[in-house]
Amino acid sequence: MLIRLGHSPDSDDAFMFWGLASGAVRSDHQFEHILRDIQTLNEWAREGKLESTAVSVHAFAHLTDRYALLRHGASFGDNYGPMLVARSASADPSSSVIAVPGLLTSAYLALQLYLPGARCEVVPFNQIVPAVLDGRYDVGLIIHESQLTHKEEGLVLLRDMGEWWMEETGLPLPLGVNVVRRDLGPAVMAEVSRAMRQSIEAGLQNREAALDYALKFARGMDRSTADEFVGMYVNEMTRDMGERGLTAIRTFLSRGHAAGLIPSCDFEVVQD
C-alpha cells in the first residue's frame, strides 16, 4: 500500500524521516515523502488528502474525526518555543499588528492564549523576520530556525511562548504532531506508527548521517546551528511523547477550548 507522508522541508523533520528516506527502516508498505510548508499540510489534512502527515497541534483540534495521533514524531518546546520579536525592546505587542505564520499554527494558538484579542496578519514564516526588519510590522511571531538566528539578524526577544507556557502549566508547549488517517484501519495505522518510531530511532542512533541529510533542508544554517536546532525538536519526546507529552497536548487544547478558540475534542492515540 502507498502511504503518502506529509512533512515540512525543514531540518528537524528531515532528520526524523531520514530512517525511512534512506531505507534504514523497512516496511511492507511504500512510503512517499510529500514536502510542503506546515500551513499547506494543515489545510490538506482538513480534506484528508494524505494518509499520514505532520500537522500543527492547533490544527489537530479540527481533525480528530478523520485522523488519529501518533505518539512518535511530535515537536515540543520544553521551556522554549515560538517567539515574539521586534526591532526594539520597547515594542508593545498589545498595541501592534503582529505578523504570524498561520492561523492554524500552534504558535498562533499560544499567542491567542497569551495575548487575547491580539491583532494579527498572516505572513509566510520565512518572511516574518524581513517584514519586521523593514518596518512593515513592529512585532513578529517567529518559528523554526529564526528562533536561533533572530539576534544576529538584528531583532530582540519580547516573549518566548514556550517559556510563558512552562510558567503557566509546568509543561512543554506542544507544537507539531504526526497523525494517520483513521480509515486505514488499525493494522495499517499501527504499521505507520512503528515505521515512524523506528525512523526517529535510526536518526538518533546515526546522528551524523541523519544530520548530513537534514542539512539539505537547513535553509543556509551552518552545521553547528542546524545540529542545535535538530536537538531542540528531535529528542526522546519526539521518539515517544509519553504521558507528559499527551498531558501537554490535552492541556493546550482544553485551554484553547475554554477560551472559545477551538472545538472540544477527544482524540485517538495509535499504539504500535
Side-chain angles (χ1 to χ4, degrees), residues 1-35 38 41 50-55 57 68-81 143-145 147-148 162 172-180 187-249 269-272:
M1 180 178 182
L2 177 63
I3 305 293
R4 293 166 297 172
L5 289 173
H7 58 94
S8 299
D10 303 312
S11 53
D12 55 333
D13 278 21
F15 184 95
M16 72 175 73
F17 280 101
W18 171 81
L20 278 168
S22 67
V25 174
R26 302 287 186 176
S27 174
D28 290 337
H29 301 295
Q30 178 185 354
F31 288 89
E32 178 185 355
H33 297 261
I34 308 295
L35 276 61
I38 193 63
L41 294 177
L50 302 178
E51 286 76 21
S52 183
T53 185
V55 295
V57 174
L69 178 70
L70 297 174
R71 297 176 64 94
H72 321 297
S75 298
F76 293 88
D78 206 348
N79 205 32
Y80 51 83
I143 58 176
H144 297 319
E145 65 272 13
Q147 295 167 242
L148 295 177
L173 179 62
L175 299 168
V177 291
N178 280 271
V179 297
V180 61
V188 175
M189 292 163 67
E191 172 60 8
V192 172
S193 182
R194 191 273 314 168
M196 169 65 77
R197 172 177 54 80
Q198 291 193 349
S199 186
I200 296 163
E201 290 172 347
L204 292 172
Q205 292 164 8
N206 299 274
R207 189 173 191 87
E208 292 305 311
L211 189 59
D212 286 342
Y213 177 71
L215 281 169
K216 300 174 184 177
F217 305 90
R219 286 189 288 267
M221 279 190 290
D222 59 51
R223 189 179 187 88
S224 176
T225 304
D227 191 30
E228 182 181 359
F229 180 69
V230 166
M232 290 169 64
Y233 292 113
V234 187
N235 46 50
E236 280 304 307
M237 282 193 75
T238 313
R239 188 188 68 79
D240 191 313
M241 66 178 64
E243 288 306 309
R244 184 170 181 247
L246 286 170
T247 298
I249 291 171
V269 182
V270 179
Q271 305 292 336
D272 58 270

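Index from 1, following the sequence.
- A donor-acceptor contact under 3.5 angstrom links the side chains of S27 and E191, judged on distance only.
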Which donor-acceptor pairs under 3.5 Å do side chains of residues 15-23 form with protein atoms, sequence neighbours excluded?
unit_1: S22; atom_1: OG; unit_2: W18; atom_2: O; d: 2.8
unit_1: S22; atom_1: OG; unit_2: G19; atom_2: O; d: 3.4
unit_1: S22; atom_1: OG; unit_2: A24; atom_2: N; d: 3.3

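- In this structure, A14 and A214 approach most closely via the heavy-atom pair CB-CA, 3.9 Å.
- Contact check for L246 versus L69: side-chain heavy atoms found under the 4.5 Å cut-off.
- The shortest side-chain heavy-atom distance between L50 and L41 falls under the 4.5 Å cut-off.
- By the side-chain contact (heavy atoms from CB on, under 4.5 Å) test, E208 pairs with R223, sequence neighbours left out.
- Proximity of N235 to D78: side-chain heavy atoms (C-beta onward) are nowhere separated by under 4.5 Å.
- Not counting sequence neighbours, Q30 has no partner by the side-chain hydrogen bond (donor to acceptor under 3.5 Å, both in side chains) test.
- Pairing each heavy atom of S75 with each of D12, the nearest pair is OG-OD2, 4.3 Å.
- Contact check for H33 versus L35: side-chain heavy atoms found under the 4.5 Å cut-off.
- At a threshold of 4.5 Å between non-hydrogen side-chain atoms, the residues E32 and I3 do not count as touching.
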For this session: Please assess D212 against R207 for the test salt bridge (charged side-chain N to carboxylate O under 4.0 Å, His left out), listing each intermediate value before the final yes or no.
Result: CA-CA 8 Å; D212 286 342; R207 189 173 191 87; over 6 Å; no
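- Annotation: side chain of P172 is in contact with side chain of R244 (closest heavy-atom distance under 4.5 Å).
- A side chain to side chain contact (heavy atoms under 4.5 Å, CB included) with L70 is found for exactly one of V270, D272, V269, namely V270.
- S193 places a side-chain heavy atom less than 4.5 Å from the side chain of H72.
- Taking 4.5 Å as the limit, some side-chain heavy atom of V188 sits within range of a side-chain heavy atom of H29.
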